[in-house]
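Data first, discussion second: the structure below is written as structure tokens.
Quantities reported herein were computed from a predicted structural model and do not represent experimental measurements. FYI, side chains are in, hydrogens and waters are out, and symmetry mates aren't considered; it's all heavy atoms of this structure.
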Amino acid sequence: MSAPEKSAPSQTGNVAKYLRFMSKSGSNTQSAQRAWKTLQPALPEILGRFYDDLLAQEELRQKMGKHEQNTAPLKNAQTRHWEYIFNNDPDPEFFRQSARIGVAHVRIGLGAEWLMSAFGRLLNEAIPIIVKKHRFSHSAMIETLQTVVTRFFLDMVMAQRAFEVEQRRLEDINKKEADSLLNLRATADTICELNELVMAMALLSRNTQDANANGQSISVAVEELVASIGQISETARALPRKRSRPTMRPKTVSPRCRPYPMPSARFHRRPGKPPGACRT
């Protein structure tokens, strides 16, 4: 609670400095109250024309929201605001009301150009009323004009300051959200890369296990083959050796069994004796 109390006098001092720089009569609350009496009767018509022209602008009409069909609450709020700034010295409430105008323009998405244009439009509406009211008093006309311009510009300065502060605040929020989104995307990308790495490692591990299993199967098969060969070898050595067959000697033909010489073609074979039969 102590911070606002310290900042309010400093802000009030700055505003008083701005008022003195713009116009001496503008810093006079009594002259501001007299100016309000001049403007108040014409204010409903001023605001009526203001909001009629505002609604004629498609860009502005889209920002009106629920007030598009009923501008009375906006007109009443604007009237109360002007009544306060013309009948009171610049104080924290003055600043709060002006700041709310700037913040509202930011939140509905209106640029600072429209905010400045609105102040210019209302000031142009007020000048003819003042001139007409004090057409027979040159000094009263000048004093009222200077007072109105000074109060309008003070209101505009405070609103513009709040507009800029609120705009920076929203930009910071949007930037943080964007940074958070980028960080989230980066984290998601990192998680995806880690998942791909884990999947690759799992696939490599599975392939390695399959290779090891295949290698073990081959090794077992080789061991079984070697064992079978060894068993066959041992079985073969355990079998008894077969006797070798005797060498066959060539038979000796007895001289008595020598074959007869082949008879010539002119002789007939002896019946009952095949050729080459032994003699008895």
Side-chain angles (χ1 to χ4, degrees), residues 8-57 60 71-105 110 112-164:
S10 176
Q11 192 174 22
T12 304
N14 291 333
V15 170
K17 178 175 63 177
Y18 302 147
L19 286 172
R20 287 193 302 270
F21 182 79
M22 284 189 286
S23 172
K24 292 182 179 180
S25 60
S27 61
N28 188 331
T29 304
Q30 287 75 22
S31 61
Q33 291 173 347
R34 288 193 294 269
W36 171 247
K37 292 179 181 179
T38 300
L39 291 176
Q40 185 180 16
L43 202 53
E45 294 182 3
I46 291 175
L47 294 177
R49 290 190 296 269
F50 175 82
Y51 281 103
D52 288 342
D53 290 347
L54 187 150
L55 291 173
Q57 298 288 331
L60 300 177
T71 58
L74 297 177
K75 295 174 183 178
N76 293 334
Q78 187 67 44
T79 301
R80 289 193 300 270
H81 174 63
W82 279 18
E83 183 179 8
Y84 190 90
I85 66 175
F86 277 99
N87 287 280
N88 294 276
D89 290 329
D91 58 6
E93 179 59 25
F94 186 113
F95 307 143
R96 281 192 292 270
Q97 291 189 17
S98 300
R100 280 197 293 267
I101 296 174
V103 171
H105 280 72
L110 283 177
E113 298 82 1
W114 282 115
L115 178 62
M116 298 297 102
S117 298
F119 278 103
R121 166 62 185 267
L122 293 173
L123 184 59
N124 284 329
E125 288 278 357
I127 289 174
I129 296 171
I130 296 171
V131 172
K132 183 178 180 180
K133 174 71 175 179
H134 300 289
R135 61 186 181 277
F136 300 114
S137 176
H138 186 72
S139 59
M141 181 188 301
I142 294 176
E143 178 186 354
T144 305
L145 286 172
Q146 290 179 341
T147 299
V148 170
V149 169
T150 301
R151 293 285 164 152
F152 266 52
F153 269 77
L154 180 59
D155 188 25
M156 185 173 63
V157 167
M158 296 294 102
Q160 178 64 19
R161 176 189 293 180
F163 182 97
E164 294 174 355

Handout entry: ring-ring contact (aromatic ring centres under 6.0 Å, His included) contacts touching residues 127-156 (sequence neighbours left out)
Key = Trp82-Phe152

Problem - Leu47 vs Leu74 side-chain heavy atoms within contact, under 4.5 Å - result: no

Problem - With Gln33 via side chain to side chain contact (heavy atoms under 4.5 Å, CB included) - residues at least two apart - result: Thr29, Asn87

Exercise for the section: Please check if atom NZ in Lys75 has more than 12 non-hydrogen atoms from other residues, nucleotides or ligands closer than 6.0 Å. Expected result: yes

Exercise for the section: Name all residues meeting the side chain to side chain contact (heavy atoms under 4.5 Å, CB included) criterion together with Ala77; count only those two or more places apart in sequence or in a different chain, and write none if there are none. Expected result: Arg80

Exercise for the section: Measure the shortest side-chain to side-chain distance between Trp36 and Ile85 over non-hydrogen atoms and say whether it is less than 4.5 angstrom. Expected result: no

Handout entry: Where Leu39 and Ala126 come nearest, the two heavy atoms and their spacing
Key = CD2-CB, 3.7 Å

Fill in the blank from the handout: CE (Met22) and CD (Gln146) are apart, to the nearest 0.5 Å, by 11.5 Å

Problem - Nearest heavy-atom neighbours spanning Thr147 and Ala35 - result: CG2-CB, 4.1 Å

Problem - Partners meeting side chain to side chain donor-acceptor pair (under 3.5 Å) with Asp53 (sequence neighbours left out) - result: Arg121

Practice task
Determine whether Ser98 and Met156 make a side-chain contact, defined as any pair of heavy atoms from C-beta on separated by less than 4.5 Å.
Solution key: no

Exercise for the section: Indicate the atoms forming the closest heavy-atom contact of Ile130 with Met141, along with that distance. Expected result: CG2-O, 4.1 Å

Practice task
Mind checking the CZ-CG spacing from Phe163 to Leu110? Nearest 0.5 Å is all I need.
Solution key: 8.0 Å

Handout entry: Residue pair Leu123 / Val149, side-chain heavy-atom distance below 4.5 Å
Key = yes

Practice task
With sequence neighbours left out, write down each residue that passes side chain to side chain contact (heavy atoms under 4.5 Å, CB included) with Glu113, or none if nothing qualifies.
Solution key: none

Exercise for the section: Could you check if a side-chain atom of Leu55 sits within less than 4.5 angstrom of a side-chain atom of Thr71, using non-hydrogen atoms only? Expected result: yes

Handout entry: With Arg100 via salt bridge (charged side-chain N to carboxylate O under 4.0 Å, His left out) - residues at least two apart
Key = Glu93

Problem - Phe50 vs Leu54 side-chain heavy atoms within contact, under 4.5 Å - result: yes

Completion exercise
So CG of Leu154 and OH of Tyr18: to nearest 0.5 Å the spacing works out to 10.0 Å

Completion exercise
To the nearest 0.5 Å, atom OG1 of Thr144 lies from atom CD1 of Ile127 at 12.0 Å

Fill in the blank from the handout: Residues Gln78 and Leu122: closest non-hydrogen pair is NE2-CD1, 4.5 Å

Handout entry: Nearest heavy atoms of Arg151 and Asn88, plus distance in Å
Key = NH1-O, 2.9 Å

Exercise for the section: Take Lys132 and Arg135, measure what side-chain contact (heavy atoms from CB on, under 4.5 Å) needs, and give me the verdict at the end. Expected result: CA-CA 5 Å; Lys132 183 178 180 180; Arg135 61 186 181 277; 3.9 Å; yes

Problem - Heavy-atom check, side chain of Arg161 versus side chain of Met158, under 4.5 Å - result: yes

Problem - Rounded distance [0.5 Å steps], CG in Leu43 versus CD in Glu125 - result: 10.5 Å

Problem - Over all atoms of both residues, closest heavy-atom pair of Asn124 and Pro128 - result: O-CD, 2.9 Å

Exercise for the section: Could you tell me whether the side chain of Tyr51 reaches within less than 4.5 Å of the side chain of Leu60, counting heavy atoms only? Expected result: no

